[in-house]
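Throughout, a chain's letter reflects where its sequence line sits, starting with A, and its residues are numbered from 1.
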2 protein chains.
Amino acid sequence: MYFQSEPLIKSSTLVARSYAQHCGLARALDFVGERWTLLIVRELMAGPRRYTDLADGLMTIPSNLLATRLREMEANGLIARRRLPAPASSVVVYELTDDGESLSTAVIELARWGMRTLPVTTGGRPLRAHWLVLALHARFDPRAAAGVSESYELQLDGEEPVSFEVTAGDGHARMGPAADPAVRIAGDADTLVALTAGTISGLEAVHRGARIEGDPAALERMRRILPGGPIAASGQPVAQAR
Amino acid sequence: MYFQSEPLIKSSTLVARSYAQHCGLARALDFVGERWTLLIVRELMAGPRRYTDLADGLMTIPSNLLATRLREMEANGLIARRRLPAPASSVVVYELTDDGESLSTAVIELARWGMRTLPVTTGGRPLRAHWLVLALHARFDPRAAAGVSESYELQLDGEEPVSFEVTAGDGHARMGPAADPAVRIAGDADTLVALTAGTISGLEAVHRGARIEGDPAALERMRRILPGGPIAASGQPVAQAR
DNA sequence: CCGCATCCGATGTGATACTG
DNA sequence: CAGTATCACATCGGATGCGG
């Protein structure tokens, strides 16, 4: 493993830069510490996606970087590229391998940490439906879900619905409509964010244009099981002088 | 917030590059996604440290990058710089704020993920004692610790000992010797890694030069409570062609 | 269109040297 | 000891091109 094949071809940095420390965190960052890599994992946590879907979901990633990252992640065993079967052949999709999937607990914890400082209004930042798969997992509170078995459906205007299914203390989010949701909510991003964050009531959400169907009691359970809202955000800026 | 103060002073990129997405993961990476940042968190999880301690623990970080990262992390509220009190004044130490400390669950999960592919031999990679604070937290299995209340002490040759205290299903690692350890183990890095990974026995470790004191049964409990070893590492390389 | 590759300016990183 | 300063270079970001 100390030698690479074809060592003379262009010879441009064949070895990704590594921290080279015998430490689990350093090793993890060797694999997923580079820019965009964990966001690609986030995209694929919503299911297999094609190249253009990824570019669209990542919004501002340069095309060459996306191609490079996908190559790296495939070489590192995090993702697999696959051709779709019979009719839609020639279509390539990327999906998480088991190793890549096993990142989700760490990714969820990171998202949970980052969510604390997310304002309850999107404030110009885009919000895509499939990001909710991660967000709902991060928000899930198993204690509040004890004894509950029902599902919820959220739909951002113009996007595919997302469903969250609670089964006996366990919870799981995925793309697509729920079979028989206890509550179904549709509306624009800011209204859904505020509603699930608990800063506005269901009535207020409807007043803002949201469509809510189902049991009002189930809506309250959903807000306890999937609590949101910034946890007394310290309001620190990301920006600073160099 | 659209205008920065002092816009004319050197004017070099006052805004750190941000993903600018309404997503908890993207926000987390805005704060801790840049190179070296999470490793600095790792260093400080072992307690307050001075600049040169950090430079030493990070091993290969350029001095200017360390200074830059510390400035960024302080501006973002992750760490605080503090002068030591009375006698040793003029000594500056860095420590995690509550916000920085709250990263530990995510950091531990990332480390747990990365540890799977760490070989059971250090293979030339350095291993520092204070990294064990994170490693032991990542290895801790609460289920195996149920009903156990005792502490263990590990010491890498020539370094400060690290202790792990189990109290009724809960576990915590910190720098420094344990008060009354059920087991005390000292030895070189590869021996301690192999012993805690379960690939060699205590007898074999002693044969390799380790010093083990205490109850052999407690050593077995420790190996169950702090299990190690790569979880069928898929052996994928970090390196790949560009 | 989809799935990239190429080009290029701006920025970040790494190694070394230097300073209060 | 606790950082700055400098500089070569790798990487990133944005635009554009291009074969299938």
What N/O pairs connect the protein and nucleotides 18-20 of chain C at under 3.5 Å? Give each pair on its own line.
none

Subject >> For B:Phe164, ring-ring contact (aromatic ring centres under 6.0 Å, His included) partners two or more places apart >> reply: B:Phe140
Interatomic distance where [atom1] belongs to [X] and [atom2] belongs to [N] [whole Å]:
X	N	atom1	atom2	answer
B:Leu65	D:dT4	CG	C1'	13 Å
B:Arg35	C:dG14	CZ	C1'	10 Å
B:Ile61	D:dG3	CD1	P	13 Å

Original post:
Does anything in residues 42-54 of chain B pair up under salt bridge (charged side-chain N to carboxylate O under 4.0 Å, His left out), and if so which pairs, sequence neighbours excluded?
Top reply: none
Which nucleotide in [options] has an atom nearest any side-chain atom of [X]:
X	options	value
A:Arg17	C:dG12, C:dG14, D:dT4	C:dG14
A:Arg81	D:dC12, C:dC4, C:dG12	C:dC4
B:Trp36	C:dG14, C:dA5, D:dG13	C:dG14

N/O to N/O distances under 3.5 Å, protein versus nucleotides 15-20 of chain D:
none

Subject >> Carboxylate-amine/guanidinium proximity below 4.0 Å for A:Asp190 and A:Arg208 >> reply: no
Original post:
Do any of residues 39-59 of chain A sit with a heavy atom less than 4.0 Å from DNA chain C, and if so which?
Top reply: A:Arg50, A:Tyr51, A:Thr52
Original post:
What pairs of residues pass the side-chain hydrogen bond (donor to acceptor under 3.5 Å, both in side chains) test when at least one of them lies in residues 77-87 of chain B, not counting sequence neighbours?
Top reply: B:Arg81-B:Tyr94, B:Arg82-B:Glu95
**OP:** Ignoring backbone atoms, establish whether B:Arg71 has a side-chain N or O less than 4.0 Å from OP1 or OP2 of D:dT4.
**Re:** yes
**OP:** Look at A:Tyr94 and C:dC2 and indicate whether a side-chain polar atom (N or O) is within less than 4.0 Å of OP1 or OP2.
**Re:** no
Subject >> Full working for salt bridge (Lys or Arg N to Asp or Glu O under 4.0 Å) between A:Glu74 and A:Arg71 >> reply: CA-CA 5 Å; A:Glu74 190 188 2; A:Arg71 240 178 294 130; over 6 Å; no
Subject >> Stacked cation flag A:Arg35 on B:Tyr19, 6.0 angstrom / 45 deg >> reply: yes
